[in-house]
Number of protein chains: 2
Amino acid sequence: MHISAETLIETLRERGLRITAPRRAVCEVIAAGHDDHLDATTIAERATTDSGPIDTATVYRTLETLIEAGLLTHTHLPHGAAVYHLAQSAPHTHLVCDTCGSVTSLGTDPMHAVENQILETTGFTPDLAHFAISGRCESCQQPNT
Amino acid sequence: MHISAETLIETLRERGLRITAPRRAVCEVIAAGHDDHLDATTIAERATTDSGPIDTATVYRTLETLIEAGLLTHTHLPHGAAVYHLAQSAPHTHLVCDTCGSVTSLGTDPMHAVENQILETTGFTPDLAHFAISGRCESCQQPNT
DNA sequence: ATGGCTGCAAAGTATTTGCAACACG
DNA sequence: CGTGTTGCAAATACTTTGCAGCCAT
């Protein structure tokens with residue numbers, strides 16, 4: 001149901017890119033974390049190879065490569081670090097809690113209506129998989145003032 | 001209809017804060033740009049006083065002060081810099097073009113339905129004035145592949 | 001063999017903070 | 001006068017880039 005690391009690697013190969021240990025490691029981390037919201041630093045930490053940890057720069061370059069290949073998308077969360085996940089994942093919206101920083105996923109069902117409405121109203125085509133909504137999650141509902 | 005610089009200053013005074021030239025300048029820039037999406041750097045550039053330009057650090061501190069006073073809100077745009085605008089402005093959603101970077105404002109009408117739906121579905125209370133949607137604006141509609 | 005890829009380090013951007021001098025109230 | 005503020009600079013966080021050596025093909 002989810003893309004495997006091998007599929008990612010295969011796609012890279014098809015595009016004439018070299019299959020290296022770091023790329024393989026990054027692909028595996030991403031494939032393994034299909035439901036997670038991983039930022040570049042986390043990916044770098046998890047994606048260690050035999051020859052030690054992977055440099056952040058390499059991770060960013062690899063992620064960019066994967067994005068160009070259409071395998072990955074990234075989302076900028078309100079507070080800072082960008083998170084990455086497979087493009088093949090069901091598109092979803094990120095709900096980020098201002099208070100505790102937790103990230104909740106929301107299916108696009110509630111968003112589809114808006115998508116069309118935005119398009120009709122403004123001519124703007126929104127990318128609903130690529131943005132985050134700030135707010136307060138259920139646990140942090142109580143006012144903090 | 002929009003808050004004036006004096007009102008902002010008056011509110012700061014009421015909170016026991018000192019009214020200084022830099023704060024006055026920042027308030028004026030914000031009041032003048034009520035419909036704009038200003039980032040801290042832009043505010044710093046516009047808010048020059050007799051004694052020269054205002055330091056970025058001061059701008060950030062002043063903005064934070066205004067936010068604490070409930071006069072201002074900030075939004076993190078997908079590509080990087082946070083933008084600030086009056087809390088009293090009609091709440092609106094920001095549509096940011098991935099291609100040209102332009103920012104379009106969207107009234108909350110199309111969003112209200114979603115707001116309720118999100119709340120019912122997930123218990124998450126979204127802050128619709130505080131997030132941006134990525135996508136492609138009308139002018140950049142044509143594929144760039 | 002050779003050009004794409006990597007790691008290291010430095011640069012860049014956005015934002016925060018320490019500190020001494022200064023000015024509002 | 002005394003403390004809140006400011007400006008400068010250094011620090012932090014995230015991401016990008018230059019460069020020389022290495023390895024997949």
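Just so it is clear: chains get the letters A, B, ... in the order the sequence lines come, proteins before strands, and each one is counted from 1.
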Over 60° means perpendicular and under 30° means parallel, so tell me whether A:H37 and A:H85 are parallel, tilted or perpendicular.
perpendicular

How many whole angstroms separate atom CZ of B:R13 from atom P of C:dG25?
6 Å

Has B:T122 got a side-chain atom pairing as donor or acceptor with B:I118's backbone, closer than 3.5 angstrom?
yes

Begin with the C-alpha distance, continue with both residues' side-chain angles, and end with the deciding distance and a verdict on side-chain contact (heavy atoms from CB on, under 4.5 Å) for A:C137 and B:T125.
CA-CA 6 Å; A:C137 74; B:T125 309; over 6 Å; no

Which whole-number value in Å describes the distance from B:I67 CD1 to C:dT16 C1'?
14 Å

Are A:L38 and A:V29 close enough, and set up right, to give a side-chain contact (heavy atoms from CB on, under 4.5 Å), and what steps lead you there?
CA-CA 9 Å; A:L38 304 171; A:V29 169; 4.0 Å; yes

So which heavy atom on A:L66 is nearest to which on A:C27, and how close?
CD2-SG, 4.2 Å

Separation of B:E64 atom CD from C:dT15 atom P, in whole Å?
12 Å

Can you measure B:H74 atom NE2 to C:dT15 atom C1' for me and round it to whole angstrom units?
11 Å

I'd like a table of atom pairs between the protein and nucleotides 13-15 of chain D - only N or O on both sides, under 3.5 Å - with the distance next to each one.
unit_1	atom_1	unit_2	atom_2	d
D:dT15	OP1	A:A82	N	3.1
D:dT15	OP2	A:Y60	OH	2.1
D:dT15	O5'	A:Y60	OH	3.0

State, to 0.1 Å, how close A:A21 and A:T49 come at their nearest heavy-atom pair, and which atoms those are.
O-CG2, 3.8 Å

Nearest whole Å is fine: how far is C:dG25 C1' from B:R15 CZ?
18 Å

What is the distance from CD1 of B:I9 to P of D:dT5, rounded to the nearest Å?
13 Å

Letter by letter from the 5' end, nucleotides 2-7 of chain C scores (B base, S sugar-phosphate only, - none; protein heavy atoms under 4.0 Å) -BBSBB

B:I43 atom CD1 is separated from C:dA14 atom P, nearest whole Å, by 13 Å

4.5 Å side-chain heavy-atom contact, B:R23 and B:T20:
yes

Donor-acceptor contacts under 3.5 Å from residues 53-63 of chain B side chains, at least two apart:
unit_1	atom_1	unit_2	atom_2	d
B:D55	OD2	B:A57	N	2.9
B:T62	OG1	B:T58	O	2.8

